Amino acid sequence: MITMSDVFENVMELAKRRGFIWPTSECYGAVAGFIDYGPLGAMMKRRIEDIWRDFYVIREGYYEIECPTIAQEAVFIASGHVAGFADKMCQCPHCKEFLRADHVAEGGGVKNASTMKNQELAAALATCKCLACEEVLGNVEVFGFNLMFKTSIGPDSQRVGYLRPETAQGMFVDFTRLLRFYRDKLPFGAVQIGKSYRNEISPRQGMIRLREFTQAEAEIFVHPDEKNKHPRFHRYADYRMPLLTWGQQQKCEEAVTLSMREAVDKGVIANEYLAYYVALTHEMLVTIGIKPDRLRFRQHLPDERAHYATDCWDAEIHSERFGWVETVGLADRTNYDLNAHAKASGTPMTVFIQYAEPKKVQRRRIIPNMGVLGKQYRNKAKAIFDALAVSTPTADGADVVVDGEKIHIPANLFEVRDEVIDVRGEDIVPHVIEPSYGIDRMCYAVLEQAYDEDTADGEARTVMRFSPKVAPVQVAVFPLMTRDGLDTIADTITRTLHKRGILAEYDDSGAIGRRYRRQDEIGTPFAVTVDYDTKENNTVTLRDRDSMKQVRIAIDKLPETLGALVEGSITFASLE
RNA sequence: GCACCGAUGGUCUAGAGGCAUGACUUAGGCCUUCCAAGCCUAUAGCCCGGGUUCGAUUCCCGGUCGGUGCACCA
C-alpha cells in the first residue's frame, strides 16, 4: 500500500503522464508559477467550474459576467491595489537577502515605518540590523515590489494597465449597470470565473501558489441592515459542520460543530449571509469530491483580516503534502470597495431604498433673493448661495465665509422657510459578501484526494476515485474482442452516448483487463463492455470503477442509466 | 531572492571523460470469450548556455525548472 508521504509525487507523476497537469512551455524550459492543464485536466477543471455555476448561477440566481483581465490604472488606484498591494523591500548589502523594509525598521525600533516614504525609510534603516545576517544595514535602497503585473495599453505606452489581481473589481466597477439589470433591488449578486494574476516573489508548492490562476468569485450586494435576513437561510439553518473560531485557535482548542442557525445566534459567524455561504461552500466542496474529514472552516484572526473586512472565514482543505490549504475565502467586505470606486470615479454607487411609509421631516430652507445678491456679488454669488443654505441665520441676518472672506448678508435678502416634507426613502451603499474560490487549489485537492492504490486480483491497481460529476471521461466502451462485429456494436453505443452529451471513450486496444486499468487510472467511473451475449440479447455489461462489479443492462437503457449515474441521481449499487 | 540537493526516452531508472542500461508505457502484429497474461516488431532520451578537453550527457561556471530550509504570500 502507499504511504501518504508519496501521494504528492505519485499524483503529480500521474497527472503529468496522463495529461492532467503539465509544466508550461516545457520545450523552452518551464516558468515557475505557471502551469498548463492538459486534455483531462482542462476537462476536469471545466466540470468543477460548471458545478460552481450550478450552485451560484442556477441555484442562487447570480448571473455571471466577464470582464477584461487587464484594467486601467484608475481601477486599481481606487481599489487600493496600486498603493497597498506593494511591499516595501530592501536588500541587505552583506548577505544579499531581500527583506521587508518596514518589518526591519519596526524591529529596529523605528516608529510608523509602514507609513514612511521610501527615502525616509531608507534613512531610518541605516542603523537597523539585517534580520538574516544581523549586520548593520548602512546604506540601502528601499523600493516597492508590487505584486501586480504592469503593462501598457495602446502603442504609446502612455496608458498604464495592470493584469487584475482578483476578478472582484470587475463586479464593483460595473455596479451601477448591475443594479439597473437587477431592477434596483437588493439583494443581488454577480459572479465571475476567470484568470487573475499575481507576480509572486517566489511561487512554490506546485499548483498551490500560481502567478496566473483561476478564481471563481461572487459579489453579493446586500442592505447593511439585512445581513441577518438571507431569504433562503432556512436551507442551511440545520446544516452542521465543524467551525474553528479565532478564539479557539488562540486557545488551541478543537473546532466546534454547530448548525448555521446556532453559529449565527451565538455570534460565532457574523451574520446569516456569511453563514449561508459557509454552508453552501461546504456542500459544494463535498459535491466535487472533497472528503468532509479533510475540510474545515477557519475564522481569520483579527490581525489577519484585510483592513476592510469585518469577519472572514477560510475553507481549508487538508493536503498530505501542504497541510491545511486555504482554498476558499468568505469575507464580508462591507461597503469599502463601492465607497472607494464611488469616490474615485465620481459615480454614486448607492441604492435607493423606499420606506414603507414616507417619513414626515421637518426641514428648514433658506431661499436667497437671487436678483439682489446676484447683481451685488456677481461671480461669488453661487458660493454665497451654497454657504447661505447651510448657515444658521439670526434675526439680524447671516454670516457666511466665502474664500476666507467673512460676508454679512442682511436678513431682508433671504427668506427662511420651515416646512414639513415627505421623504420617501434613502440612498444607501450596499455591503458586499464575497465568497472567493481558488479553482486551481480545488483541482489539486480533487486530484490528491482521488488518488488511491488498491489490490485487484493480487495486482496493484492505481485508481483515481473521482466523483462521476468531475471525472473527465465519464464512460469507457469496450468490445470484448475486436471481431465478430463486437467492435461495430461498441462503436455505435459510443456514438449514441455522445449524442446524449456523455463523454464516452471507445477503446479496443490490448487485453480487456489492461483497458479497465487504463480507465481506472484516469478515473473513468463506468465501463461498458460488449461481449458475445450482446449479440444474443442486446445487453452489455456495465462496470463500476470503485467496486469493479458488473451488471448486465439492455443497450437501449444505457444513455438514460449512464446519464443518471453521472449526474448522481442514482447509484451503481441500486442497479445490482 | 539566498543556501543546500537534484535533473538520463512518455514514466521510473542504471551508468561511465570515448557504442547510453533496463523496466513499464505507447504503436503495429500474433494469440486471447471480462480485469495490466504471453510472443514478435517498432517508436522514443542524457534540461539550456558557456568553459576545460582530441572528445563532455559525465568535470567546472552560469542559467532554467523541481525539492528542502530562510524570507515573501495584500
Side-chain angles (χ1 to χ4, degrees), chain A residues 8-10 12-19 22-35 38 76 79-92 94-101 103-104 114 130-133 144-148 165-166 198-206 208-211 213 304-309 321 325-326 329 331 454-463 476 478-484 486 509-521 527-535 540-545 547-550 552:
Chain A
F8 173 77
E9 272 90 10
N10 291 348
M12 289 318 285
E13 185 271 308
L14 185 148
K16 206 193 282 184
R17 185 162 44 82
R18 299 309 303 265
W22 291 327
T24 195
S25 61
E26 241 183 326
C27 65
Y28 290 106
V31 185
F34 297 92
I35 53 162
F76 297 117
S79 70
H81 285 93
V82 169
F85 210 50
D87 293 331
K88 288 191 194 313
M89 306 281 292
C90 66
Q91 189 178 23
C92 171
H94 312 290
C95 67
K96 308 297 178 199
E97 186 83 9
F98 280 91
L99 304 157
R100 276 287 291 270
H103 290 183
V104 177
S114 54
C130 170
L131 297 176
C133 69
F145 182 82
N146 195 292
L147 259 15
M148 284 194 294
E166 59 175 10
R198 294 177 193 184
N199 201 1
E200 298 284 356
I201 296 168
S202 166
R204 289 269 184 92
Q205 306 174 315
I208 299 293
R209 246 177 92 207
L210 294 168
R211 288 182 167 131
F213 55 100
E304 191 181 355
R305 275 183 222 147
H307 50 292
Y308 48 76
R321 179 61 162 232
V325 176
E326 174 195 344
D454 67 1
T455 312
D457 295 333
E459 295 257 17
R461 170 176 88 132
T462 301
V463 51
F478 307 142
L480 187 59
M481 292 292 137
T482 326
R483 58 174 188 231
D484 304 320
L486 300 186
S509 139
I512 188 83
R514 177 185 297 273
R515 286 179 260 162
Y516 285 135
R517 290 294 187 277
R518 218 182 259 152
Q519 295 297 334
D520 289 341
E521 205 181 31
V528 167
T529 301
V530 175
D531 59 15
Y532 283 91
D533 290 348
T534 306
K535 296 178 77 173
V540 291
T541 63
L542 178 60
R543 170 196 186 258
D544 174 52
R545 174 197 67 205
S547 63
M548 298 200 292
K549 286 182 181 164
Q550 290 178 302
R552 281 209 87 81

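Every chain is numbered from 1 and lettered A, B, ... according to where its sequence line falls, protein lines coming before strand lines. Since this is a predicted model, take the numbers as computed values, not measurements.
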Figure out the CH2/P separation between A/W22 and B/G10, and round it to whole Å. 13 Å
Note: for A/R518 and A/V540 on RNA chain B, the residue whose nearest nucleotide lies more 5' is A/R518
Who pairs with B/G66 - Watson-Crick or G-U, where each distance is under 3.5 Å: B/C5
Indicate, with a heavy-atom threshold strictly under 4.0 Å, whether A/G510 touches base, sugar-phosphate, or nothing. nothing
Please give the nucleotide sitting opposite B/C46 as a Watson-Crick or G-U wobble pair, both distances under 3.5 Å, or none. none
Can you tell me how far C1' of B/G1 sits from CG of A/L147, to the nearest Å? 14 Å
Taking CZ from A/F478 and C1' from B/A36, how many angstroms apart are they, rounded to a whole number? 12 Å
side-chain N/O A/R514 vs B/A37 OP1/OP2, d < 4.0 Å: yes
Using whole Å, what does the distance between atom P of nucleotide B/U33 and atom OH of A/Y516 come to? 15 Å
Counting any heavy atom closer than 4.0 Å, what does A/Q550 reach on the DNA or RNA strands: base, sugar-phosphate only, or nothing? base
Any N/O donor-acceptor pair, A/S202 side-chain to B/C72 base, under 3.5 Å: no
Determine the contact category for A/R209: base if any of its heavy atoms lies under 4.0 Å from a base atom, sugar-phosphate if only primed atoms, P, OP1 or OP2 are that close, otherwise nothing. base
Rounded to whole Å, how long is the line connecting atom CZ of A/R483 with atom P of B/U32? 6 Å
Does A/L480 reach a base, just sugar-phosphate, or nothing at all? Heavy atoms under 4.0 Å. base
More than 12 heavy atoms of other residues, nucleotides or ligands under 6.0 Å from NZ of A/K535: is that the case? yes
Integer-rounded Å distance: B/U68 C1' and A/E9 CD: 12 Å
Can you say whether a donor on the side chain of A/Y28 sits under 3.5 Å from an acceptor on the base of B/C48, or the other way round? no
What nucleic acid atoms does A/A30 come within less than 4.0 Å of, heavy atoms only: base, sugar-phosphate, or nothing? sugar-phosphate
Expected label for B/C40 (glycosidic angle, syn inside 90° of 0, else anti) would be anti
Reading RNA chain B from 5' onward, which residue's closest nucleotide shows up sooner: A/A511 or A/E26? A/E26
I want to verify a distance call: between B/G67, B/A36, B/U33, whose nearest atom is closest to the A/E459 side chain? B/A36
Round to a whole Å and report the spacing from CD of A/E200 to C1' of B/C73. 5 Å
Can you tell me the pairing partner of B/A14 across any strand shown, Watson-Crick or G-U wobble, with both distances under 3.5 angstrom? none
For the side chain of A/R461 and the base of B/C35, is some donor closer than 3.5 Å to an acceptor across the two? no
Can you tell me the base-pairing partner of B/C30? Count Watson-Crick or G-U wobble geometry only, both distances below 3.5 Å, and say none if there is no partner. B/G38
So which nucleotide from B/G66, B/U33, B/U68 ends up closest to the side chain of A/A32? B/G66
Within this structure, what is the CZ-to-P distance between A/F8 and B/U68, rounded to whole angstrom? 7 Å
Enumerate, atom names and distances included, each donor-acceptor pair closer than 3.5 Å involving a side-chain atom of residues 22-30 of chain A, sequence neighbours excluded.
unit_1, atom_1, unit_2, atom_2, d
A/W22, NE1, A/K16, O, 2.9
A/T24, OG1, A/D36, OD1, 2.7

Of the options B/U68, B/U11, B/U25, whose atoms approach the side-chain atoms of A/R17 most closely? B/U11
The side chain of A/K16 is closest to which nucleotide in this list: B/U11, B/C34, B/A36? B/U11
Considering only heavy side-chain atoms of A/T541, the closest of B/A37, B/C35, B/C34 is B/C34
